[in-house]
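Quick one: the structure is below, and I'll ask about it shortly.
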Amino acid sequence: ADAIRITSIQELSGTGATAGTNFKNGMALAIKEINASGGVLGQKIDVTFADTQSNPGVAKGLAQKAVDDDVFAVFGPGFSGSILVSMSETRRAKIPNFTGGEAASVTLQGNPYVFRTSFGQQTSMPKAARYMVQNLKAKTVAVIYVNNDFGKGGRDMITKSLEIMGAKVVADISTDPGKLDFSAPVLQAKQSNADVIFVYTNEEEAARCLRELKKQGVTKPIFGETVLTGQKVIELAGDAANGAQAHIGLSVDAPVPTMRAFRARFEKAFGYIPDHNGIKGYTSVYVMKAGIEKVGKVDRAAFAKAMQGLSVSAAKHPGVLMDVSYNDKGDLDRESFIVEVRNGKQEVKEVLPALSKK
Amino acid sequence: MINRNVIAGAIGLAVLLAVPPFLKSYGIYLFSYWLVYVIANMGLNLTVGYAGQKSLGHAAFFGIGAYTVAILMKAGISFWIGLPLAMAGCFAIGLVLGFPALRVQTIYLAFATLGFNTAVWLVMRNEEGLTGGTYGINGIGRPEFFGLSLEGSLAFYYLILGATILLGALMWGLLRSPWGKAFTALRDNPIRAESLGINVQAYTLLAFAIGAMYAGIAGALFASLVDFIEPGPFAIGTSFMMYLMLVVGGPGYFLGPLLGSAVGVLLPEWLRFAQAWYLFIFGVAVVLLMLWLPDGLLSLPDRLKARRQAREASAARAAAAARVGGAQ
Amino acid sequence: MSPVLKVSKLKKAYGAIQAVGGVSFDVRPGEIFGVIGPNGSGKTTMFNSVLGQITPDEGQIELHGQSIAGVSPQKLNQMGVGRTFQTLQVFGKMTVRDNLLVAAQEHHGSMFSRMFAPGDSGNGAKADALINQFRIAHVADKKAGDLSYGQQKLVDIAMAFMSDPALVLLDEPCAGVNPSLVGGLSSLLKELNQTRKSSFVVIEHNMDFVMDLCHRIMVMVEGKVMAIGTPAEIRANKEVLDAYLGS
Amino acid sequence: MSAPANDTCIEFDNVLAGYGEFMILNNLSFKAKRGKITLLLGPNGAGKSTVLKAIFGLTKMRSGAIKLDGENITGASAKDLLVKHGIAFVPQGRNLFGQLSVYENLELGGITLGMKTTHERIPEVLEFFPRVKERMHSLASSLSGGEQKQLEVGRALLLRPKVLLIDEPSIGLSPMVVADVFKLLRKLADQGTTVLMVEQNVKSALKMADEAIALESGRLVLHKRADELLADPNLERIFLGGAHAAPAPSAASTV
Amino acid sequence: MNDFIQLLLSGLASGSIYALAALGFTLLWQASGTINFAQGEFVMLPAFMMLAFSSLGLPLLLSFAFTCFVAVIVLGWAFKRGLADPLLKFGMMPIVVATLGLSIAMKNGIRAGVSAEAFPFPSLFGDTVLHLGSAAITVGDLGTLAAALLLVLATQAFLNKTVTGRAMQAVAQNTDSATVLGINVPRMIFYTFAINALLACAAALLVTPAYLAKFDMGEGLSTKAFFAAIIGGFNNSRGALLGGVIVGVSENLAAHYVSAAYKDAVALVIFMFVILVKPQGLLGKKVERKV
Ligand SMILES: Nc1ncnc2c1ncn2[C@@H]1O[C@H](COP(=O)(O)OP(=O)(O)OP(=O)(O)O)[C@@H](O)[C@H]1O
Ligand SMILES: Nc1ncnc2c1ncn2[C@@H]1O[C@H](COP(=O)(O)OP(=O)(O)OP(=O)(O)O)[C@@H](O)[C@H]1O
Ligand SMILES: [Mg+2]
Ligand SMILES: [Mg+2]
């Protein structure tokens with residue numbers, strides 16, 4: 001039978017390279033497994049990876065190329081600017097488009113062909129905010145964020161969520177991507193005397209920030225979203241990561257056997273431990289597989305329709321790693337975790353149920 | 001020689017006119033993207049290649065043009081009003097940026113312009129109310145041309161092509177006039193130029209301003225082409241890339257930007273088959289190109305010509321020497 | 001008749017070095033004025049001060065009775081003052097012919113009109129004439145930077161004459177120029193001086209040239225004027241002999 | 001070393017050399033005698049500087065050979081020429097390191113001697129150029145044209161060369177200094193130094209030189225004793241304007 | 001006041017990092033008249049080399065020594081033979097663009113061939129925290145500062161106080177004259193790039209613990225280093241240190257007392273001011289314009 005052709009457009013070079021490469025590797029692993037075990041409906045998956053150079057202008061061209069190639073689905077890009085541009089191309093051609101982007105705006109366009117692979121910030125931030133207010137008893141919060149679309153989006157959303165929960169952001173601290181010296185931001189956070197310090201940056205900056213927090217002897221709880229307690233950050237920050245807590249949607253350290261197994265397979269294949277982007281890439285391919293199998297044929301329109309309200313259980317489709325369900329906007333829902341770093345390891349403190357399960 | 005240029009130009013034009021309708025949308029997009037950079041680099045060629053002002057801030061004007069049009073179009077103002085405003089804005093700011101050039105030269109000027117670019121980028125990123133900050137501006141849309149919709153990618157391509165040809169012709173005229181010589185003189189030896197009554201100030205400022213205006217036009221077209229802008233593509237990295245394209249193509253050669261932009265825009269696309277390594281190969285290719293033709297791709301015909309002329313001159317000199325005869 | 005150029009009490013110091021220490025002289029209309037003096041006596045510094053290339057510490061400079069303190073080299077050229085340089089200053093990457101064309105173009109029309117003027121701005125014939133006169137026709141299409149020292153010097157001098165200046169300041173025009181052309185240069189200056197009443201100020205160490213050409217000569221020593229007079233007077237001046245000419 | 005027992009020091013044997021493909025010297029052959037001052041004369045662009053540059057490998061030679069005391073030195077490195085063969089070269093134009101001081105320029109001139117010898121000799125050389133001595137700690141680029149030339153000449157003399165190649169030393173020098181420099185060169189030659197000098201200051205130069213070679217279009221047109229040439233009634237015609245004033249097609253005479 | 005001291009100390013620490021990177025720029029400018037746009041990658045590559053040697057089980061200092069050796073060959077000798085020799089004579093533009101190309105190649109070569117991830121890097125001095133009042137600084141920061149000071153002074157002394165150093169400058173100012181004087185031009189150029197390679201290794205050793213070893217670590221580093229070098233003075237090695245410290249301290253103070261979003265703007269304003277008022281930099285010597 002024909003192969004199912006898909007294109008993966010990722011940030012493989014430039015500022016988004018780390019995330020994009022993880023996503024790509026995750027996808028590659030999933031596709032290899034699926035093809036080895038007979039493909040989807042008997043058809044192999046044939047993937048092309050392309051690099052946006054972290055540039056929306058290039059991403060747009062690549063999306064057009066995918067459209068020209070008449071692929072079944074497009075994965076990526078992850079940067080919110082890039083996905084906004086490329087998804088207007090895929091939408092016009094009615095091609096399903098999965099993205100790792102977390103910006104709220106992605107699913108607010110009413111595009112029936114776009115699907116997330118993780119929580120959008122409008123899902124994760126309220127959860128994080130609730131935990132800070134309810135469990136950490138935060139009345140005041142200092143927010144240290146990275147000033148790019150990812151960080152800015154998260155900062156806007158957490159600020160809003162905290163307000164709704166009745167807490168106040170008392171220090172709103174912007175930092176530049178690639179920032180080296182966190183002494184000023186940390187000092188400012190310290191002086192604000194906030195109950196909790198919320199850190200929302202990329203991996204390296206998170207590590208530097210944690211080190212500076214330790215150096216300046218900050219004792220207030222440090223909370224984050226996904227990145228802050230990631231494996232990479234722990235590795236980079238060393239001791240300084242201990243005690244940091246975060247709400248995470250996806251983690252290779254989640255107390256889920258399928259996840260542990262995935263981590264082992266990934267590490268074997270690529271020689272390092274994946275971050276959440278690796279999981280996104282991996283699971284997204286399996287979600288697509290589940291969707292196609294549900295439709296029973298390889299048909300884009302039917303697939304897109306089927307994705308709305310799709311629920312995939314990890315029991316039936318182990319590749320999705322955790323139960324997941326989609327709403328009609330392309331947002332997904334699943335369990336999430338509150339973790340804390342102890343002795344250089346992520347430990348799950350609490351499992352938060354999927355929103356729909358409440 | 002002029003003949004050869006004309007023939008090359010005619011062939012090139014025919015390709016640009018006739019090929020895109022046979023391409024799919026990705027191909028058309030790449031052609032459009034390339035021509036946008038050609039326009040921007042024509043401006044840079046004037047500033048750097050002809051007038052010798054080391055500018056590393058060209059992407060700032062590219063961005064100013066793009067943001068002007070995007071902001072205005074978002075406010076419901078026509079592209080055709082936005083474009084002249086973008087041009088005027090870039091021209092004016094270009095004039096202002098020319099002033100440091102009157103004080104400092106070479107690398108110091110390069111870094112001053114680099115600083116300017118960083119400053120513009122900071123404004124784009126931080127003035128969220130105006131520029132959308134890091135979120136950028138989405139759904140900019142494309143203009144109409146006398147009632148003709150340019151929404152389609154091919155139609156918009158022809159608009160860009162038309163602009164390229166028009167701006168190219170204007171630049172050609174400018175460079176052939178005494179202005180062209182004045183710019184070149186300025187690049188070669190400003191002290192001598194000054195003492196010959198060449199208004200170094202005026203020409204320096206104009207070299208910046210006109211170059212900036214071209215970048216502004218390119219930026220305006222870019223915003224409409226991609227439909228989305230954010231500060232990223234207008235950071236100093238792009239200025240470096242533009243400089244790279246200019247030098248690889250051949251600074252001070254009229255068609256340099258055409259080739260240089262092809263290397264900068266099309267070559268990486270073509271190299272994609274190399275997968276993860278394609279940018280590595282691109283970087284190596286740039287190094288090799290420089291080693292082969294340090295004065296740019298277009299210096300190749302010149303080099304051959306110079307060699308031929310040198311041989312002819314040698315022969316003439318040998319003949320003259322024979323006539324002189326002498327005491328040997 | 002008021003002097004073409006009048007310099008009074010010009011001073012310029014570099015740190016402790018008083019390069020020009022109060023120099024006064026005037027150049028009369030239609031005069032060829034020589035400036036001689038030992039190395040480092042401040043001749044070039046005086047030139048550069050007059051021509052707006054450097055800012056003097058003190059003193060007045062008048063052109064046709066009008067002060068030109070602080071006037072830029074470019075304005076001065078527009079006012080009809082041409083110059084040559086002691087160090088080679090040609091446009092090395094342009095052809096010899098273009099070097100000459102660019103030397104005249106700013107004297108035709110306005111900046112705006114030049115934008116649409118033909119490339120040679122109507123000076124082609126004149127450039128060719130000068131090229132022949134300086135015997136550089138065979139290298140007219142070569143890049144000026146690829147010429148021999150003397151050839152570049154000739155291009156530099158020719159450039160100064162492209163715009164029909166009323167006053168030309170020449171800094172060691174004969175240096176490195178073949179004697180056969182030195183004679184030609186001398187006659188060219190004399191001819192222009194007679195037919196067009198142009199004035200010249202010439203710095204030169206070639207005494208035959210200076211003595212033959214100049215109406216009056218100024219001797220500078222250690223930044224000061226030692227003597228001003230006709231060639232005969234200068235030749236007879238004991239002090240000058242000791243300080244500069246020797247023997 | 002079995003150097004031929006003659007008095008030839010520098011010999012050009014059928015040298016074809018130039019810039020890129022442009023051949024300036026057309027199978028040029030000549031000899032310059034040891035311990036003599038040989039003048040290179042000729043119109044602008046004749047190739048005089050190219051001759052000197054060819055010896056130092058600054059122009060590419062296509063064929064022929066350059067010999068020193070019978071030994072082929074074609075393609076020898078500058079360092080060998082300086083150290084092994086004792087040749088020093090003062091090129092035409094600007095050759096100082098403008099951002100270094102006068103003293104540092106002199107020091108670098110003696111880099112092949114070692115610093116000890118250099119430091120010993122610098123004061124001796126400076127004695128000869130008092131103007132330069134006064135400006136010892138200034139940047140070289142701040143000197144006047146003539147002062148710079150003096151410094152360059154001094155820098156070469158530091159080496160006490162056996163062979164001195166010197167390109168138009170009189171450019172920019174005031175008449176008294178020119179006379180001094182010429183006198184000094186004469187003295188060096190009398191002490192055994194071979195001098196190959198380019199000059200446009202034909203008359204004064206001929207008075208102090210031993211031999212004269214004239215080039216045109218990269219070819220030898222004349223080789224005479226200097227005093228003979230000086231006495232030649234045609235001198236005026238050949239070098240001082242006569243020959244070139246004739247309406248010969250210029251391309252033929254000086255290409 | 002305590003805040004101020006904290007910011008000042010941290011600023012000094014990052015300033016010395018910028019200074020180390022800037023030092024390479026000023027060296028190349030003085031001794032070869034070029035700018036190496038791959039200078040950031042020249043620091044990145046040794047960082048990865050050291051990691052590679054360390055992963056073979058070598059102690060840090062031994063890895064450093066091996067890396068220095070390899071770097072002198074690759075970044076020094078090969079760079080000279082491959083790029084500097086053929087391109088220096090064509091002026092600035094080609095070598096600038098070639099180094100831009102090289103920077104793209106090095107960055108993406110490491111990304112594709114090694115990893116797109118960041119790696120932690122051990123600190124030579126450890127990161128014991130010292131307290132000065134309520135301000136904190138790590139031993140590593142102090143060590144970096146001291147090392148930067150030492151390297152800057154050593155480079156400066158070498159360039160200006162030794163004959164070899166001056167001969168290197170002479171080559172940059174006038175290659176032909178240098179040749180004619182018997183200066184071994186190729187060797188001087190090799191020295192220049194070899195020293196640059198060694199400085200890059202030293203910078204990598206000191207900088208990477210904070211910057212983390214990552215394929216694109218050079219980008220941020222080199223922009224800051226440009227600014228530092230210009231502010232301090234491009235033709236003066238001491239300028240690199242002064243400039244680095246000014247950039248480091250001012251951006252920290254600005255982030256705190258002005259606005260974090262525009263903190264870069266403060267270094268920028270200083271930078272623009274210096275360029276326009278004293279283009280040769282605060283410590284640079286003025287280049288004479290002689291006509
Ligand atoms: N920029 C400068 N800095 C320091 N000293 C300078 C500078 N320019 C000139 N001088 C000094 O001023 C004096 C006069 O120099 P100037 O060039 O005017 O001499 P000149 O008469 O033209 O000599 P020459 O005949 O050698 O060309 C010299 O001693 C020179 O060293
Ligand atoms: N770098 C170069 N590239 C090409 N041609 C050159 C170069 N330098 C000199 N020439 C040519 O070589 C010829 C001889 O030059 P050379 O410098 O040897 O002349 P010269 O006899 O020393 O003249 P002058 O008396 O003017 O110094 C000239 O015609 C010149 O145009
Ligand atoms: Mg002078
Ligand atoms: Mg010569």
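Protein chains get the first letters and strands the later ones, always in sequence-line order, with residue 1 at the start of each.
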Q: Show your reasoning for whether ring-ring contact (aromatic ring centres under 6.0 Å, His included) applies to E:Phe37 and E:Phe25.
A: CA-CA 9 Å; E:Phe37 275 81; E:Phe25 282 123; 7.5 Å; no

**Q.** Residue pair E:Ser16 / E:Thr144: nearest heavy atoms and the distance that separates them
**A.** OG-CG2, 3.8 Å

Q: Answer with side chain, backbone, both or neither: which region of E:Asn174 has an atom nearer than 4.5 Å to a non-hydrogen atom of chain D?
A: both

**Q.** Region of E:Ala178 in contact with chain D, defined by heavy-atom distances below 4.5 Å
**A.** both

Q: Considering only heavy atoms, give the residues of residues 145-155 of chain E separated from chain D by less than 4.5 Å, sorted numerically, with 'none' for an empty result.
A: none

Q: For residues 225-234 of chain E, pull every pair meeting side-chain hydrogen bond (donor to acceptor under 3.5 Å, both in side chains), keeping only residues two or more places apart or in separate chains.
A: none

Donor-acceptor pairs are to be reported for all side-chain atoms of residues 77-84 of chain D against protein atoms at under 3.5 Å, with residues two or more places apart or in another chain.
unit_1	atom_1	unit_2	atom_2	d
D:Ser77	OG	D:Asp80	N	3.1

Q: Verify, without hydrogens or angle tests, whether D:Thr59 (side chain) and D:Ala54 (backbone) share a donor-acceptor contact under 3.5 angstrom.
A: yes

Q: Indicate the ring-plane relationship of E:Trp29 and E:Phe234, choosing parallel, tilted or perpendicular according to the 30° and 60° boundaries.
A: perpendicular

Q: Could you tell me which of E:Asn160, E:Asn184, E:Val163, E:Thr179 has the largest number of non-hydrogen atom pairs under 4.5 Å with chain D?
A: E:Val163

(Q) If we define contacts as heavy-atom pairs under 4.5 Å, which of D:Glu107, D:Arg155, D:Lys53 has the most with chain E? (A) D:Arg155

Q | Residue part contacting chain E, namely of D:Leu100, when any heavy atom lies under 4.5 Å | A | both

Q) Considering residues at least two apart in sequence or located in another chain, which fulfil the salt bridge (charged side-chain N to carboxylate O under 4.0 Å, His left out) criterion with E:Lys224? A) E:Glu251

Q. So which part of D:Leu96 gets closer than 4.5 Å to some heavy atom of chain E, the side chain, the backbone, both or neither?
A. backbone

**Q.** Test: D:Lys48 and D:Asp167 ion pair at under 4.0 Å
**A.** no

Q | Ring centres under 6.0 angstrom apart (E:Phe79, E:Phe42) | A | yes

Q: Quick one: which of D:Phe97, D:Phe89, D:Phe56 has the most heavy-atom pairs under 4.5 Å with chain E, could you say?
A: D:Phe97

